[in-house]
Amino acid sequence: MLTLGFALFLGLAAGQSAAASPLAAAAPTPSPAPTGTATPSPDPTRDPNDPPNEVDVPDVTTLAAPSFQLPFPCGQKWTGNSSASSAHRSYEIDFNRGSTADADLGDTVVAAAAGTVVISSHQGSANGFGNLVKIDHGGGWTTYYAHLNVRSVKAGDRVSQGQKIGTVGKTSKPGNNISPHLHYEVRQGSGYPGNIRKAVFNGVTFGYPHQTLTSKNKCGGGTTNPHTPGEVCGAGYKVIDSAALGSAGTVYLLYNAGNGYNCVATLKKTSLGTATATSAFLEVQGKARVTDSGSFAYYAGPVRAAAAGKCVKWGGKAGSATYTSPFEHCG
């Protein structure tokens, strides 16, 4: 009976969120899931507000929380409110900036920190999240971006801080009519809702229950890359060599003794937060070279390959500087 009562309470709380929130307004039926997107099957043993990941990523241990920024483009001013919705259980935040109910519809939403997309789907009738993007940042840290009008990334994508991941919307479960806003959460570890953490932006904890902030996301500047080679390559990888790329960055060679794989990552030192040409490559002797090359805000890679008992050639580029090793580290 207690279990049934608790489930009914959650259902009522989700259904009442629009009515109890000043953000809520009469709206058309929420947008359906995009064509070809499968709705996750419900798991009766799991809280619907803790949907299962759609992809698995390595468990990366970090010493501190990621350097989160406001999930909106640089210079935009947004007001967050954690107390306006009866559906909130802890430190969740609903963001708006417009003066009318539909003013924010379609506004760009960006990643609060770099990571891997582990959920990108419409949650259907499972919960009130609607179009949801969840990003895994390593160390057990994840962020949730809910009610999106459009999702611009798919599960498995690696995203950089400040990269567009969708737009503000009002998607939810059928019959749960809400006005456009971004529902944002930071979680660490498991055990919903106890794993919801206070949001921190630009190194400062959000001023609960509500505060207006100006985004510093991808505004450029900064002198320290918030990422490490071990974080980029994943758990079990240790740095065994590195080469400076002038003042623009450093390329690292790592090895995982547990699985016999090498990994290469190039970390930038300049133009942090701004997408610039960066690359990393790894070539196992006798096999084709694998390269990650493009315009990245913080790093290129990880590039991994099985190399136990083999010689490897590795290197990368940042700015105008490049490095290519000879075949080495044979073993």
Evaluation steps, side-chain contact (heavy atoms from CB on, under 4.5 Å), between Asn262 and Ile240:
CA-CA 10 Å; Asn262 277 111; Ile240 60 173; 3.9 Å; yes

Main chain of Lys317, side chain of Thr322: is a donor-acceptor contact present, judged purely on distance under 3.5 Å?
no

Hey, could you give me the NZ/CD distance between Lys287 and Gln285, rounded to the nearest 0.5 Å?
12.0 Å

Give the cluster check for Tyr255 versus Val290: same hydrophobic cluster or not, with ILVMFWY residues linked at side-chain heavy-atom distances below 4.5 Å.
yes

Sidechain-backbone polar pair: Ser82 side chain, Tyr91 backbone, donor-acceptor under 3.5 Å
no

Interatomic spacing from OG1 in Thr250 to CG in Leu245 - rounded to 0.5 Å:
6.5 Å

Can Gln163 and Val153 be said to form a side-chain contact (heavy atoms from CB on, under 4.5 Å), step by step?
CA-CA 10 Å; Gln163 179 177 333; Val153 292; 4.2 Å; yes

Closest heavy-atom pair and its distance - Ser83, Pro209
OG-CB, 3.7 Å

Is it the case that Ser121 and Gln123 place a side-chain donor and acceptor less than 3.5 Å from each other?
yes

Test item: Asp292 side-chain N/O and Ala280 main-chain N/O as donor-acceptor pair under 3.5 Å
no

Would you say the side-chain atoms of Asn131 pair up with the backbone N or O of Val150, donor to acceptor, closer than 3.5 Å?
no

Do Thr143 and His137 have side-chain N/O donor and acceptor atoms under 3.5 Å apart?
yes

Would you mind reporting whether Asn81 and His181 have side-chain heavy atoms less than 4.5 Å apart?
no

d(Asp241 CG, His329 NE2) to nearest 0.5 Å is 3.5 Å

Going through the distances and angles, do Ile196 and Arg187 end up as a side-chain contact (heavy atoms from CB on, under 4.5 Å)?
CA-CA 4 Å; Ile196 302 177; Arg187 300 189 190 182; 4.2 Å; yes

What pair of heavy atoms forms the shortest contact from Ala318 to Ala248, and how long is it?
O-CB, 3.5 Å

Do the side chain of Thr171 and the main chain of Leu148 share a donor and acceptor less than 3.5 angstrom apart?
yes

Quick one about Lys268 and Thr276 (side-chain donor to acceptor, distance below 3.5 Å, no hydrogens or angles considered), yes or no?
yes

Has the side chain of Ser172 got a donor or acceptor atom that lies under 3.5 Å from a matching backbone atom of Gly128?
yes

ILVMFWY network linking Val200 to Tyr208, side-chain heavy atoms under 4.5 angstrom:
no

Under 4.5 Å between side-chain heavy atoms, counting indirect links through other Ile/Leu/Val/Met/Phe/Trp/Tyr residues: same cluster for Tyr237 and Leu267 or not?
yes

Residue pair Pro71 / Asn217, side-chain heavy-atom distance below 4.5 Å:
no

CG on Leu213 to CD on Gln69, rounded to 0.5 Å:
10.5 Å

Heavy-atom closest pair (Pro180 atom, Ala101 atom, distance to 0.1 Å) is CD-O, 3.1 Å

Is any side-chain heavy atom of Val264 less than 4.5 Å from a side-chain heavy atom of Val251?
yes

Side chains of Arg289 and Lys313, heavy atoms from C-beta outward: is any pair under 4.5 Å?
yes

Under the side-chain contact (heavy atoms from CB on, under 4.5 Å) rule, what do Leu282 and Arg304 come out as? Steps first, then yes or no, please.
CA-CA 7 Å; Leu282 175 62; Arg304 306 185 187 92; 5.6 Å; no

For Ala112, does its backbone N or O pair with a side-chain atom of Tyr145 as donor and acceptor, under 3.5 Å?
yes

Output the distance between atom CG (Asp136) and atom CD1 (Ile119), rounded to the nearest 0.5 Å.
10.5 Å

Taking Arg89 for the side chain and Pro193 for the main chain, is one N or O donor matched with an acceptor at less than 3.5 Å?
no

When you compare the side chain of Leu70 with that of Asn202, does any pair of heavy atoms fall below 4.5 Å?
no

Here the pair of heavy atoms bringing Ser67 nearest to Ala113 is O-CB, 4.5 Å

Would Val133 and Tyr192 show up in the same hydrophobic cluster when neighbours are defined by side-chain heavy atoms closer than 4.5 Å?
yes

Could you tell me whether the side chain of Ser271 and the main chain of Thr274 form a donor-acceptor pair under 3.5 Å?
no

Locate the shortest heavy-atom distance separating Ala307 from Val312; write the atom from each residue and the value.
CB-CG1, 3.7 Å

Measure the spacing between CD1 of Ile93 and OG of Ser85 and express it to the nearest 0.5 Å.
13.0 Å

OH (Tyr261) with more than 12 external heavy atoms under 6.0 Å:
no

Would you call Glu92 and Tyr144 a side-chain contact if the rule is heavy atoms closer than 4.5 Å?
no

The ring pair (Phe, Tyr, Trp, His ring centres under 6.0 Å) partner of His227 among Tyr252, Tyr298, Phe296 is Tyr298

Are His147 and Asp94 linked by a side-chain donor-acceptor pair shorter than 3.5 Å?
no

What one should report as the nearest heavy-atom pair of Pro48 and Asn127 is O-ND2, 2.6 Å

Check whether Gln76 reaches the backbone of Cys74 with its side chain - one donor and one acceptor, N or O, closer than 3.5 Å.
no

Could I get the full list of side chain to side chain contact (heavy atoms under 4.5 Å, CB included) partners for Ala146, not counting sequence neighbours?
Phe129, Leu132, His183

Please indicate whether Lys310 has more than 12 foreign heavy atoms, meaning atoms of other residues, nucleotides or ligands, lying under 6.0 Å from its NZ.
no

Checking ring pair (Phe, Tyr, Trp, His ring centres under 6.0 Å) against Phe201, which of Phe68, Phe72, Tyr184, Trp78 comes through?
Tyr184

Given Trp314, which of Tyr323, Phe327, Phe281 fulfils the ring pair (Phe, Tyr, Trp, His ring centres under 6.0 Å) condition?
Tyr323

Close side-chain approach of Thr142 to Asn195, heavy-atom, < 4.5 Å:
no

Does a side-chain heavy-atom distance below 4.5 Å link Val109 with Phe95?
no

Is it true that Val168 and Val117 fall in one hydrophobic cluster, defined by side-chain heavy atoms closer than 4.5 Å?
yes

